[in-house]
Amino acid sequence: MRTSRIRTAALATVTAALALGLTACGGADADSKAAGGSAQVNSGGDAKEGARSTNASGGTDEAAGDGTTAGAQQCRGDEMLLTAEHRFAGQQGDHLLVTATNKDTKPCWVTSYPTVKLGDNGTALPHSKKDTSGGSKHITLQPGGKAYSAVNLFDYGSKNHTAQSFALALRGADGHDGPSYSVDIKGDKPQFSWNEADVLNWNTKKPYDF
């Protein structure tokens with residue numbers, strides 16, 4: 001009778017131990033699954049953060065592409081080849097085509113419109129009211145790259161002013177002018193006349209090129 005009780009107690013002890021072991025294994029699996037689930041959430045969260053970071057970087061790159069190339073400095077007049085050509089002389093659309101070529105070995109940028117003073121006139125010409133907006137953007141010129149502007153000439157027949165050259169200064173992002181440079185007019189009719197005149201923004205395409 002005593003032997004039977006000892007066996008029963010031993011069996012109960014083994015059963016209890018086995019149950020505890022299975023519970024511990026189940027708990028470990030649950031903890032493992034919970035940890036795995038947490039890792040998946042973190043991984044997914046990191047992936048989303050990574051995607052947002054990539055998009056933000058891409059946006060910056062696109063902005064740089066539209067504006068200033070990374071590391072580019074403002075163009076300096078002494079590193080530029082500045083030329084002007086009198087086009088459509090005496091016709092509608094009479095203007096001076098201004099070309100700025102980057103002669104340096106590094107990219108640089110121009111912005112807004114050039115400050116132009118015609119002949120001996122000490123007053124800078126205004127920006128054309130008919131010009132398109134967006135003149136505050138930077139136009140990056142690679143070595144050898146060109147940007148164009150134009151001086152619109154309005155001659156009402158009285159020929160109040162006549163000249164064959166003008167002074168040009170590059171404008172900075174703050175609107176201040178750099179040093180002025182004398183620009184001689186090229187072409188069949190270097191002399192030009194005007195009663196009124198204004199200036200266009202820098203552009204990568206020639207204005208009035210039709």
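Only this structure's heavy atoms are used, side chains among them; waters, hydrogens and symmetry mates stay out. A quick note: this is a predicted structure, and the numbers were derived from the prediction, not measured.
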Q) Just checking, any donor-acceptor pair under 3.5 angstrom between side chains of D188 and H86? A) no
Q) Has D78 got more than 12 heavy atoms of other residues, nucleotides or ligands less than 6.0 Å from its CG? A) yes
Q | Donor-acceptor contact present, side-chain D104 to main-chain E79, <3.5 Å | A | no
Q: Can you see which heavy atom on T162 is nearest to which on S193, and at what distance?
A: OG1-OG, 3.2 Å
Q: Measure across A100 and L82 and return the closest heavy-atom pair with its distance rounded to 0.1 Å.
A: CB-CD2, 3.7 Å
Q. Is the backbone of Y156 close enough, under 3.5 Å, to the side chain of N195 for a donor and an acceptor to pair up by distance?
A. yes
Q) What pair of heavy atoms forms the shortest contact from R87 to P207, and how long is it? A) NH2-O, 2.9 Å
Q) What distance separates L81 CG from Y181 OH, expressed to the nearest 0.5 Å? A) 12.5 Å
Q: With rounding to the nearest 0.5 Å, note down the distance linking OG in S180 to CG in L170.
A: 9.5 Å
(Q) Using modelled atom types and a 3.5 Å cut-off, is there a donor and acceptor pairing between side-chain atoms of T111 and backbone atoms of S136? (A) yes
Q) Is there a donor-acceptor pair under 3.5 Å between the side chain of T140 and the backbone N or O of W109? A) no
Q. About how many Å separate CG of L118 and CZ of F166, when rounded to the nearest 0.5 Å?
A. 7.5 Å
**Q.** H161 NE2 to E196 CD distance, which is reported to the nearest 0.5 Å
**A.** 9.5 Å
Q.
side-chain contact (heavy atoms from CB on, under 4.5 Å) for H127 and V199? Distances and angles first, verdict last.
A. CA-CA 5 Å; H127 178 231; V199 186; 5.7 Å; no
Q) Between the side chains of Y208 and N152, is a donor N or O closer than 3.5 angstrom to an acceptor N or O? A) yes
Q) Going hydrophobic residue to hydrophobic residue with side-chain gaps under 4.5 angstrom, can you get from Y148 over to L168? A) no
(Q) Angle between ring planes, F88 versus H95, binned at 30° and 60°: parallel, tilted or perpendicular? (A) tilted
Q. So, for T123 and N121, which heavy atoms are closest and what is the spacing to 0.1 Å?
A. N-OD1, 3.0 Å
Q) Is a side-chain donor or acceptor of D94 paired with a backbone partner of G90 at a separation under 3.5 angstrom? A) yes
Q) Step by step, would you call V98 with W202 a side-chain contact (heavy atoms from CB on, under 4.5 Å)? A) CA-CA 9 Å; V98 180; W202 289 112; 4.1 Å; yes
Q. Which distance, rounded to the nearest 0.5 Å, do you find between the CG of N201 and the NZ of K137?
A. 11.0 Å
Q) Rounded to the nearest 0.5 Å, how far apart are NZ of K186 and CG of L97? A) 11.5 Å
**Q.** Where T83 and V183 come nearest, the two heavy atoms and their spacing
**A.** C-CG1, 3.9 Å
